[in-house]
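Because only heavy atoms are used, hydrogens play no part in the values below, and waters and symmetry mates are left out as well, while side chains stay in. Predicted model, so just to flag it, every value in this text is computed and none were measured. We count ligands from 1, going down the list as the structure has it; atoms in each ligand are counted the same way.
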Amino acid sequence: MYSSADRALLEVPESPLSPPPSWFNDDDLECPFEKIPKRGFGQLDDGNQKPAKRIRIRLVNRVSPADELAPTTTSAASPPISPLSPPPSWFNSDDLECPFPDDAHETLQTVKREPGTPLYFLGAADDDSDITPPDLTPSSTRTRVALTPDTELSDEKPEPFFPPSVWSKWRGSLCEALPYFKAYKGSLHTNGLVATGFLMDKHADPRDVFEGQVIISSVGGGRERDPNGTGTMVRLRDASDSSPNIKAFRNAQKNRTLIAVIAGEDHPLYPCQPPYPYAVLDYFVVSDVWAEKRNGIRVFRVRYEKADLQKPSWWTAHRDAYGPAPSSLHAIKTTWKTCSECGKSSKLIYTIGWTCLNHDCACFFKRPAIKTEDIIKIEDGDTEMRSDEDMPEDLEYNEAFLCERAPFIGPIPPLRPPMAETEGRHGTELALRRGFVCPDCGCCNRRVYWNRWLCENCNRTWDAPMAHYPLSLLEKEVAEFDRLMTKRRETNLVIDDQLATRLNRTCLNGTQTITLGSYTARQYFLPDPSGNIIGSFTLLMSNRQINSQPFGPDQLFREIEQKDIGLKRNPVAIPGHKLEGYTRHFQQNFGARYKFGVAVQSKGFDQAPEVILRALHRLIWAGSSAVKKTTEWIDKDGRGPHSPPSDSNDFNELLALGYMEDDRISYHDDGESELGPTVAALSLGSPSIMKFRPKVKIDFGRPLSKNSKGLYRDVLEVPMKHGDIMVMHGQAIHKLYEHTVEPMGGRRFSLTCRYIDPDKMQSQGDKDDAAVKGAIPAASFAFKYDGN
Ligand SMILES: O=C(O)CCC(=O)C(=O)O
Ligand SMILES: [Fe+2]
């Protein structure tokens, strides 16, 4: 079980806006959840339904009657939602229902625009009755909201104009399915320091704009908890030009690359009823990045302009959806002025007048003055009026700044990435392991099942091709792995050991090489801080001969990779965090139910396929043989009160884990209180490395090194290859140490046996269930393994 100190290691950010964003590139599926140990957490709270939120919005007409092109702006009358506001977004099944009828997507497709033929009305209109949009409404019950100047909307926000083409219930699914947004925390995803995806959620700053074609936001990150104890997140320091996110926005602006903007349902300025927790708006281009000063602190703002100006925007229900007429696209331009102080030009952004937006200039963000002595003549004969005061808080944008457009030229890819191509693939490559956007309903999904893709919204399934993992690939992985291990041994000065790549001899108290059946094995003994041996780690090293025997590891590997043994990823609950996570590996449990932080059901051994029972018998032999040798070694010097038990229990549980490319299991312990002292695991497929390190809360009182985060460095790293078996013996190992396994290849299974003590189970139901499911079928003893 994890202690709170362990959990402290697992900190995940609380709000997408609070911590500085982490920067992932496209190939990095790394996610904070995958760093979560799979042990000791409770279940997801699915029943915590989020209350429907109504935001009263008021549409204000800022448009001069003559200026038909100016979009109508919205401003939220409701206060912005603090990034700390608590409600986690766990939906119940009602929430998961698509608000659009099944044929909505077909309806949408019928209005696709032919190149060069603007289908939509693009001109100015005196009133909305002149706007005759194609009937995109998927439902006849939908009402369009007619806007007149100063229209005040009722409590209801309008429904979306039409359904978004890509959406998600979960942040994790969004990040796994979309190539352009993989930021599990923070609001920005970048690729090569260019912004490719931006999520606006929960927080809106003053003057943020969320309209059909123009969005203005602050650059997230850099907020800290208010030292005045208000519980809110505030900016305390100037944002820097050299921060990666500002650079990424500037690069996107300079290169005019596309950035997908995604809206979270809690955005205070959402112009319509949010159809889903997350919905992709469209591709935009970054038109402006500039600095403002707010409460004396420098913040950066970004203006985005929709890339396809002729396509209506699903999130607006008024004429802003149609945008300016093509003939007018170039007509409106914001004025630029050059600063007499720094010589740099800035746009005339605010109605109050021009200010220098170069934050290195003495005149940066100074309020235009009305006193005559402040009027300065500048070169072009124009005048500039400037006071020493900063700009006020209640600024408004100039209409021209909001209305100008710079049409994007270039191909615009579909928002919905196509399903990954399976042709010629073996089935566990990263490209197939990633999530997908359902081509039928646009829902973002994770890859949850080992041998299929399932859309959690419309339940459509696709079989995933799970071909034999090519032997040539496996051999290549092993060759690379061996090279890497040799290098690691050299780096860590492990020259006298054939196996470990990192050995901390001040920590490890003795090792021995032994023979167990046909296996050569290496045994390491782990001490407590006083040097008492508390347990052993044994690695039984397989070889070609063992692997190729009938029902040996080769055959077991081939059978498991082909057979659907029920492997799937499961949700991990993180107490105190509202983000939902899924394990970074696929599981299926057999025998007694093993309760750890992941909700995994168990199939009784009587329902287990033969391959699982064969593995079970091999592990029963390996576990008892390794424990016997541990006991002999310990008994040589005499047992102490801290010595591990001299016997192991019979196993009554087997957890099968499947790892695809890039999957892993992060640091955790196998220390649940119901577990017996011995854990044994068979590795099949790609090589992997298992690492042990002392837990941070344990004071070893010796010069064991720690990393920059204050965590102990690994004291033991052991390579595990196809057919190898590891045995951990001694419960105290899990109190003092934690371990991780990193596969170094594209397909690996681990089959781990434990004993789950019914006497330590809470309920009679659990005990009865364990007795039935954990009973090893008598017939399976025909598969008994004796090491040869
Ligand atoms: O993947 C492995 O070999 C071991 C997994 C593990 O540590 C566990 O199941 O507890
Ligand atoms: Fe483990």
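- Inspection of the Arg489 and Thr501 side chains reveals no N or O donor paired with an N or O acceptor under 3.5 Å.
- With Phe551 as the aromatic partner, Arg614 meets the cation-pi criteria of under 6.0 angstrom to the ring centre and within 45 degrees of the ring axis.
- Across every non-hydrogen atom of Asp564 and Arg452, the tightest pair is OD2-NH1, 4.1 Å.
- The residue from Arg584, Arg569, Lys182 that alone fulfils the salt bridge (Lys or Arg N to Asp or Glu O under 4.0 Å) condition with Glu176 is Arg569.
- Side-chain contact of Ser780 with His617: a donor-acceptor pair under 3.5 Å is present, judged by distance alone.
- Side-chain contact, Gln587 with Tyr594: no donor N or O sits under 3.5 Å from an acceptor N or O.
- Of the heavy atoms in Met726, none comes closer than 4.0 Å to ligand 1.
- If you look at Arg754 next to ligand 1, the close heavy atoms, those under 4.0 Å, all belong to the side chain.
- Close contacts of ligand 1 with His739, meaning ligand atoms under 4.0 Å from a residue heavy atom, involve 7 (O).
- Pairing each heavy atom of Arg447 with each of Met466, the nearest pair is NH2-CE, 4.0 Å.
- Taking every non-hydrogen atom of Tyr659 and a distance limit under 4.0 Å, the qualifying atoms of ligand 1 come out as 1 (O), 2 (C), 5 (C).
- At least one cation-pi condition fails for Arg693 and Tyr712: the charged atom is not both under 6.0 angstrom from the six-membered ring centre and inside a 45 degree cone around its axis.
- Using 4.0 Å as the threshold, Met690 has no heavy atom nearer than that to any atom of ligand 1.
- In terms of distance to the Fe ion (ligand 2), the nearest N, O or S atom of Asp670 is named OD1.
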Verdict with reasoning, Arg747 to Ser686, per side chain to side chain donor-acceptor pair (under 3.5 Å): CA-CA 6 Å; Arg747 187 178 300 173; Ser686 301; over 6 Å; no

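- The Fe ion (ligand 2) is closest to atom NE2 of His739 (considering only N, O or S atoms).
- Residue contacts with ligand 1 leave out His585, since none of its heavy atoms falls under 4.0 Å from the ligand.
- Every atom of ligand 1 is numbered from 1 in the order shown, and the set under 4.0 Å from a heavy atom of Asp670 is 10 (O).
- Residue contacts with ligand 1 for Ala681 are absent, since no atom lies close enough (heavy atoms, distance under 4.0 Å).
- Judged by the 6.0 Å distance and 45° axis criteria, Lys568 is not positioned over the aromatic ring of Phe586.
- Interface atoms of ligand 1 facing Thr752, defined by a heavy-atom separation under 4.0 Å, are 9 (O).
- Near Met720, with a cut-off below 4.0 Å to any heavy atom, the atoms of ligand 1 are 3 (O).
- For ligand 1, the polar-atom distance check against Ser683 finds no nitrogen or oxygen pair separated by under 3.5 Å.
- Below 4.0 Å from some heavy atom of Arg748 lie the following atoms of ligand 1, by number and element: 1 (O), 2 (C), 3 (O).
- For ligand 1, the atoms closer than 4.0 angstrom to any heavy atom of Leu657 are 5 (C), 9 (O).
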